[in-house]
Amino acid sequence: MDHLGFRMKFGALGPSTNTIVQPDFDDMRPVGVTNHYSRIVIPDMPVNTDDDFLRLVDAIQANTLEAAQVLKSMEMQYLVMGMSAATFWDGRAGAEKYLATMHEHVGVGVSCGSFATEAALNAYGAKRIAFFSPYFPVANAQVKRFYEDCGFTVVRELCLQRPSPVQIAHTTDAMCRDAIRALDGDDVDAIVQVGTNLSMVRFAAAAELFLDKPVIAINTATYWHALRACGIQDRLQGFGQLLSHH
């Protein structure tokens, strides 16, 4: 039995440009659970258009399996995916195929942002949702398609169009606050933030207090989903009701 990871050894994947998801996952780590991070090597390319964003997704896809392979040597027990755009691609059917590919490659269970946020929304009983991302419209369209395939009504969505992968991590609380204000309304049951390099786990928890509705940060949902899938029911404070009550 692993001396520190005596309850669970998580492998975690994220792009090499991502500086948010690793500390986020570590902040939510219960005693006896360890996170072991492998970086998907990509360049910090400029992103100014939909076509640029598609090239970024292709770069991540090209190196994901290699990064996952590295984790197999430490006998990970479960994989937590800290990259999200690709997990929404081609609707729910495409996402299921992608998840099956990852599961087959690593040989253990896998949690990813698309299905984790779906599970979180279902845990809250939300039906009408709004979401925002650091992406470009071409990717938001894929996220919207996934949620609609899952039976949710997407009332509103917006994309921050951050100018590079590294710049996603420079997104401020003020930007997130303005996005949430633009999305919120009496016609929305819950607000979702996607994009794992956007720091939102604590701000989302604060936003739930003043909006009086679920605000789901993708890193929180993904790590929550992994914990619960592995039978770890610890309730954690400071990251919103998902981890403290579900």
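Bear in mind that the values here come from a model prediction, so they are computed numbers and not experimental data. We count residues from 1, following the sequence as given.
Side chain to side chain, Thr17 and Asp44 fail the donor-acceptor criterion of an N or O pair below 3.5 Å. A donor-acceptor pair shorter than 3.5 Å can be found between the side chains of Ser111 and Tyr78. In summary, the side chains of Thr172 and His170 do not present any donor paired with an acceptor at a separation below 3.5 Å, with no hydrogens or angles considered. With no hydrogens or angles considered, a side-chain donor-acceptor pair links Asn18 and Thr196 at under 3.5 Å.
A salt bridge links Lys213 to Asp184: one of the charged nitrogens lies within less than 4.0 Å of a carboxylate oxygen. Ion pairing between Arg202 and Asp27 holds under the 4.0 Å rule for side-chain N and carboxylate O. Look at Glu148 and Arg92 and you find no salt bridge, because none of the NZ, NE, NH1 or NH2 atoms lies under 4.0 Å from a carboxylate O. Salt bridge Arg29/Asp234: absent, no basic N to carboxylate O contact under 4.0 Å. Asp52 has a carboxylate O that lies under 4.0 Å from a charged side-chain N of Arg55, or vice versa, which qualifies the two as a salt bridge.
At least one side-chain heavy atom of Met200 sits less than 4.5 Å from a side-chain heavy atom of Val215. Two residues are said to be in side-chain contact when any heavy atoms from C-beta on lie closer than 4.5 Å; Val108 and Gln77 fail this criterion. For the pair Met28/Val201, a side-chain contact is recorded, criterion being any heavy-atom separation below 4.5 Å from C-beta on. By the 4.5 Å heavy-atom criterion applied to side chains, Ile218 and Val192 are not counted as neighbours. Within the 4.5 Å cutoff, the side chain of Gln241 has heavy atoms near those of the Glu208 side chain. The shortest side-chain heavy-atom distance between Gln233 and Leu227 does not fall under the 4.5 Å cut-off. By the 4.5 Å heavy-atom criterion applied to side chains, Asn197 and Pro134 are not counted as neighbours. Side-chain contact check for Arg156 versus Val188: some heavy-atom pair is nearer than 4.5 Å.
Under the side-chain hydrogen bond (donor to acceptor under 3.5 Å, both in side chains) test applied with Asn140, the options Arg145, Glu157, Gln161 reduce to a single match, Glu157.
The backbone N or O of Ser114 lies less than 3.5 Å from a partner atom in the side chain of Thr117, making a donor-acceptor pair. A donor-acceptor distance shorter than 3.5 angstrom exists from the side chain of Asn63 to the backbone of Val41, with no hydrogens or angles considered. Judged purely by atom type and a 3.5 angstrom limit, Lys9 has no side-chain atom pairing as donor or acceptor with the backbone of Leu4. Asp189 places a side-chain N or O within 3.5 Å of a backbone atom of Arg128 that can act as its donor or acceptor partner. Arg39 places a side-chain N or O within 3.5 Å of a backbone atom of Ser16 that can act as its donor or acceptor partner. Judged by distance alone, with hydrogens and angles left aside, the side-chain atoms of Ser244 form no donor-acceptor pair with the main-chain N or O of Arg235 at under 3.5 Å. Within the 3.5 Å criterion, the main-chain N or O of Leu65 finds a donor-acceptor partner in the side chain of His105. Between the side chain of Trp224 and the backbone N or O of His246, at least one donor-acceptor pair lies under 3.5 Å.
Taking hydrophobic clusters as Ile, Leu, Val, Met, Phe, Trp and Tyr residues chained together by side-chain heavy-atom distances below 4.5 Å, Leu243 does not share a cluster with Phe203. Residues Val70 and Ile42 do not share a hydrophobic cluster, defined by chaining ILVMFWY side chains whose heavy atoms lie under 4.5 Å apart. The hydrophobic cluster containing Phe132 does not contain Tyr124, counting ILVMFWY residues as joined when their side-chain heavy atoms lie under 4.5 angstrom apart, directly or transitively. Leu121 and Val155 are assigned to two separate hydrophobic clusters, defined by single-linkage of ILVMFWY side chains at heavy-atom distances under 4.5 Å. Put simply, Leu160 and Ile191 are part of the same group of oily side chains (I, L, V, M, F, W, Y) that touch within less than 4.5 Å, one to the next.
Between Phe146 and Phe115, the gap from one ring centroid to the other is short of 6.0 Å. Close placement of the Tyr223 and Phe10 rings is indicated, their centers lying within 6.0 Å of each other.
Residues meeting the side-chain contact (heavy atoms from CB on, under 4.5 Å) test with Ser199, sequence neighbours left out: Ile20.
Gly14 and Met83 make their closest contact through CA-CG, 4.5 Å (heavy atoms, listed as atom of the first residue, atom of the second, distance). Here the closest heavy-atom approach between residue Gly91 and residue Gln142 is recorded as N-OE1, 4.2 Å. Counting all heavy atoms, side chain and backbone alike, Ser133 lies closest to Val194 at CB-CG2, 3.4 Å. For the pair Ala139 and Phe53, the tightest heavy-atom approach, listed with the atom from each and the gap, is CB-CE2, 3.4 Å. Taking each heavy atom of Met45 and Pro165 in turn, the nearest pair found is O-CD, 3.1 Å. For the residue pair Phe239 and Ala205, the shortest heavy atom distance occurs at C-CB, 3.6 Å.
Grouped by direct or indirect side-chain proximity (heavy atoms under 4.5 Å, Ile/Leu/Val/Met/Phe/Trp/Tyr only), Phe6 sits with Met1, Val31.
Open room surrounds CD on Glu66; 12 or fewer heavy atoms of other groups in view lie less than 6.0 Å from it. Counting heavy-atom neighbours within 6.0 Å of Asp187 CG, excluding the residue itself, gives a total above 12.
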Show your reasoning for whether side-chain contact (heavy atoms from CB on, under 4.5 Å) applies to Thr153 and Lys127.
CA-CA 6 Å; Thr153 299; Lys127 300 297 183 185; over 6 Å; no

Please walk me through it: do Tyr37 and Val21 pass side-chain contact (heavy atoms from CB on, under 4.5 Å)?
CA-CA 10 Å; Tyr37 194 79; Val21 73; 3.3 Å; yes

One pair to check against side-chain contact (heavy atoms from CB on, under 4.5 Å): Phe131 and Leu158. What are the steps and the verdict?
CA-CA 7 Å; Phe131 75 88; Leu158 61 83; over 6 Å; no

Stepwise, does the side-chain contact (heavy atoms from CB on, under 4.5 Å) test hold for Asn219 with Ser84?
CA-CA 9 Å; Asn219 289 347; Ser84 62; over 6 Å; no

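The distance from atom OG1 of Thr222 to atom CE of Met81, rounded to the nearest 0.5 Å, is 10.0 Å. Note that the CD1 atom of Ile60 and the CG atom of Leu56 stand 4.5 Å from one another [nearest 0.5 Å]. Rounded to the nearest 0.5 angstrom, Lys97 NZ and Trp89 CH2 are separated by 15.5 Å. Here CG of Leu242 is found 11.0 Å from NE2 of His245. Values are rounded to the nearest 0.5 Å. In this structure, OG in Ser164 is found 8.0 Å from CZ in Arg162, a value given to the nearest 0.5 Å. Taking CE from Met74 and CG from Asp2, the interatomic distance works out to 9.0 Å, rounded to the nearest 0.5 Å.
By the 30° and 60° cut-offs, the orientation of the rings of Tyr147 relative to Phe152 is perpendicular.
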